[in-house]
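Remarks on the structure that follows.
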Amino acid sequence: MSGLRARLAGLLAEYGVPSAAIGVLHDGEITDLAVGVKDVSTREPATTGTVYQCGSLSKTWTALAFMQLVDEGKVSLDEPVRTYLPGFEVADAETGAKLTPRQLLFHTNGIEEDFGDPGEGDDVYERMVANIADAPQVHPLGHTHGYSAALGYAILARVMEVIDGKGWDDIMRDRLFVPLGLSATSTRPEQVPPDRAATGHVIRSLEEGPVISPIDHLPRAYGPGGNVNSTVGEVLAMAYVFLNGGKAANGTRIVSAEAIREMMESRVSVPDPYLFGPAWALGLIVCDWHGETVYAHDGSTIGQSARLRILPDSNLAIVMLANGGPRDSFYRKVFNEILTGLGAATIPDLPEPDPALELDLARYTGVYERLGTRYEVTADDGRLHLTMVLDPMHAEFLGKPDRVTYELLPISDTHFLMPSDDPLEDTQTVAIYDFQQGAAQYLHTNCRVTPRAG
């Protein structure tokens with residue numbers, strides 16, 4: 001890792017990221033390093049003990065704790081949620097009656113993230129469940145994958161609370177953090193020692209450079225799916241469990257080997273296989289790196305980001321935590337250097353567009369819309385374009401116009417590259433699919449699904 005420090009310092013400067021900590025678990029041994037500063041205003045250096053926000057990587061932590069309840073026979077992945085939450089309901093009666101924990105872990109529940117403001121109290125997940133009684137479906141239950149940032153894991157957390165008789169924060173401490181021997185990992189911002197906490201930064205332009213995020217942590221509603229705080233070493237302590245059949249490095253059994261197999265092998269296909277991989281497992285994304293199966297999860301808050309990759313065939317896990325970003329190309333450059341040095345499989349490049357494809361563009365055009373999201377797909381001069389419509393406040397925060405248009409370059413009849421001329425954006429991938437009566441019904445990008453309007 002000696003040459004990586006200088007390389008990482010150069011990449012931090014190139015991308016405008018204040019700091020990053022890297023950890024590698026290989027054959028049971030951890031190597032780690034940190035480069036940069038925790039806060040651009042204090043210039044205090046980041047260390048491997050710096051505590052970063054994990055964002056949606058928190059979902060892997062929560063899923064692991066949930067599987068303890070499965071091991072104990074207290075909950076079934078395929079029993080309706082209503083078995084554990086008798087009053088559970090949403091606008092669609094079938095979804096309310098049939099939704100299962102497995103579908104929540106798969107992100108195939110289809111329930112709109114319309115949970116209002118549940119507050120910051122200890123009853124936040126109970127209130128979220130109550131608030132969705134009239135929430136509509138983005139798609140029918142189980143019909144397609146569509147990432148749920150907060151709601152799906154909040155429902156899981158409420159199931160855990162009812163079964164265990166304590167709050168989700170205490171459950172995570174008692175079921176995971178203490179048995180794993182972790183001292184820096186927590187679920188609440190006030191639990192992070194200020195002298196160890198990384199400060200989040202947003203990057204609106206390379207000329208301006210990183211500025212401290214005006215929002216220092218996500219609302220409590222995002223807790224089970226986004227509010228775990230940790231260090232690279234302690235994230236790897238969790239990854240160790242996946243590489244060692246459910247056992248921690250200290251010898252404690254966290255879950256059964258059967259639970260680990262279930263988390264990895266129970267899968268649903270993802271409409272856009274290029275951003276991460278072709279399938280979603282239980283709390284993990286399934287990637288295919290040149291024939292090697294890799295398990296992953298990413299996370300981002302408003303100013304911090306996390307990347308975890310687990311390669312069981314190579315007995316290897318890599319984590320990167322940063323207080324800026326996230327940028328896919330940044331992570332790829334750092335991880336591929338580490339992977340190449342270890343002789344492991346590397347991250348595949350995105351595919352090239354296929355100029356020979358002849359598409360009926362009318363099948364794709366239209367408006368795709370859901371709460372807080374609107375895409376307009378148009379055809380001009382034989383080319384497809386996607387316009388992303390941003391909320392004016394969000395656009396102002398990012399320093400962007402409220403309408404941003406990209407060209408869609410076809411990879412196949414359902415998959416597209418979406419390059420950007422913004423130096424702060426990497427090429428993204430988009431799936432437009434599920435054709436009915438000659439028109440696509442869904443648009444899937446950044447793991448999220450948006451239905452055709454009307």
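Because the structure is a prediction, the values reported are computed rather than measured.
Note: F276 and W280 have perpendicular aromatic rings, judged against thresholds of 30 and 60 degrees for the angle between ring planes. Ring pair H145/H444 is tilted by interplanar angle, where 30° to 60° counts as tilted. Between H297 and Y147, the two ring planes are tilted [angle within 30° to 60°].
A salt bridge does not link E161 to K166: none of the charged side-chain nitrogens sits closer than 4.0 Å to a carboxylate oxygen. The pair D164-R175 counts as a salt bridge, with a side-chain nitrogen and a carboxylate oxygen less than 4.0 angstrom apart. A salt bridge does not link E265 to R261: none of the charged nitrogens lies less than 4.0 Å from a carboxylate oxygen. Between E425 and R327 there is no salt bridge, since no side-chain N of the basic residue sits under 4.0 Å from a carboxylate O of the acidic one. In summary, R127 and E120 do not engage in a salt bridge, as defined by a charged side-chain N under 4.0 Å from a carboxylate O.
In summary, the side chains of S420 and Q428 do not present any donor paired with an acceptor at a separation below 3.5 Å, with no hydrogens or angles considered. At a cut-off of 3.5 Å, with distance as the only test, a side-chain donor of S329 or Y15 sits close to an acceptor on the other residue. No hydrogens or angles considered: a donor-acceptor pair under 3.5 Å links the side chains of D434 and H143. Side chains of Q103 and T108: a donor-acceptor N/O pair is absent below 3.5 angstrom, by distance only. Side chain to side chain, T450 and E369 fail the donor-acceptor criterion of an N or O pair below 3.5 Å. No donor-acceptor contact under 3.5 angstrom links the side chains of T373 and Y368, judged on distance only. Looking at Q53 and T301, their side chains do bring a donor and an acceptor atom within 3.5 Å of each other.
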R370/D114 under salt bridge (charged side-chain N to carboxylate O under 4.0 Å, His left out): CA gap, chis, key distance, verdict: CA-CA 10 Å; R370 60 182 291 187; D114 190 10; over 6 Å; no
Test salt bridge (charged side-chain N to carboxylate O under 4.0 Å, His left out) on R332 and E337; report intermediate values, then the result. CA-CA 8 Å; R332 285 171 176 264; E337 182 149 332; over 6 Å; no
Dump the intermediate steps for side chain to side chain donor-acceptor pair (under 3.5 Å) on R452 and Y375, then the final yes or no. CA-CA 9 Å; R452 178 179 290 273; Y375 298 109; over 6 Å; no
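With F435 as the aromatic partner, R363 meets the cation-pi criteria of under 6.0 angstrom to the ring centre and within 45 degrees of the ring axis.
For the atom pair CG of D298 and CG of D328, the computed distance is 7.5 Å after rounding to the nearest 0.5 Å.
No more than 12 heavy atoms of other residues, nucleotides or ligands sit less than 6.0 Å from atom CG of D122.
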